[in-house]
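Below: the structure, in structure tokens.
Computation of the quantities below employed the complete heavy-atom set of this structure, encompassing side-chain atoms and omitting hydrogens, waters and symmetry-equivalent molecules. Heads up: numbering here begins at 1 and tracks the sequence. Remember, it's a predicted structure, so these values are computed and weren't measured experimentally.
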Amino acid sequence: MKNEKLKMKNILKDKSYHFAIRVVKLTKYLQEEKKEFILSNQILRSGTAIGALVAESEFAQSKPDFISKLHIALKEANETNYWIDLLKDSEYINDKMYKSIQPQIKELISILVTSIKTSKENNAN
């Protein structure tokens with residue numbers, strides 16, 4: 001069980017880090033190619049915060065602190081999903097770009113929800 005928890009944590013850490021890199025590249029594209037700075041800064045902030053909060057959760061002071069950090073990461077992921085939808089609907093990114101990045105944020109949200117649920121259950125026991 002402990003190895004499974006560690007594996008899930010590493011998957012979340014790796015996926016959130018790679019997603020942050022993707023968001024940095026998207027921001028660079030939006031700013032250099034589309035000359036868009038407001039939305040790009042919003043997605044940069046929320047999209048990179050996910051991985052930062054996951055990394056911070058590794059050294060949480062307690063189980064409730066760990067769960068809290070993952071909850072905040074989930075909120076940032078949900079916000080990032082909003083910005084991705086807005087970028088598509090305002091035509092700053094095309095369908096191909098959207099369909100490429102959308103599954104990644106949905107997967108992060110799913111992993112975070114599962115991690116929070118599992119952590120809460122383990123904390124209750």
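- For the pair Glu107/Lys15, a side-chain contact is recorded, criterion being any heavy-atom separation below 4.5 Å from C-beta on.
- Open room surrounds OH on Tyr17; 12 or fewer heavy atoms of other groups in view lie less than 6.0 Å from it.
- For the atom pair NE2 of His71 and CG of Leu74, the computed distance is 7.5 Å after rounding to the nearest 0.5 Å.
- The backbone N or O of Gln61 sits less than 3.5 Å from a side-chain atom of Asp65, completing a donor-acceptor pair.
- Inter-residue side-chain proximity for Leu26 and Ile93 is flagged as met; some heavy-atom pair is nearer than 4.5 Å.
- We find the CD1-CZ distance between Ile101 and Arg22 to be 4.5 Å, quoted to the nearest 0.5 Å.
- Of the listed residues (Asn41, Asn81, Thr80), just one forms a side-chain hydrogen bond (donor to acceptor under 3.5 Å, both in side chains) with Ser46, and that residue is Thr80.
- At distances below 3.5 Å, not a single donor-acceptor pair connects side-chain atoms of Ser68 with backbone N or O atoms of Pro64.
- Within the 4.5 Å cutoff, no side-chain heavy atoms of Glu58 are placed close to those of Phe66.
- Under the 4.5 Å side-chain heavy-atom criterion for ILVMFWY residues, a single connected hydrophobic cluster contains both Ile109 and Ile11.
- Inter-residue side-chain proximity for Asn78 and Ile105 is flagged as unmet; no heavy-atom pair is nearer than 4.5 Å.
- Both the sub-6.0 Å distance and the 45° axial angle are not jointly satisfied by Lys34 relative to the ring of Tyr92.
- In this structure, CG on Leu30 lies 10.0 Å from CZ on Phe37, to the nearest 0.5 angstrom.
- Judged by distance alone, the side chain of Ser90 and the main-chain N or O of Leu86 form a donor-acceptor pair under 3.5 Å.
- Residues Leu39 and Ile43 form no side-chain contact, since every pair of their non-hydrogen atoms from C-beta on lies 4.5 Å or further apart.
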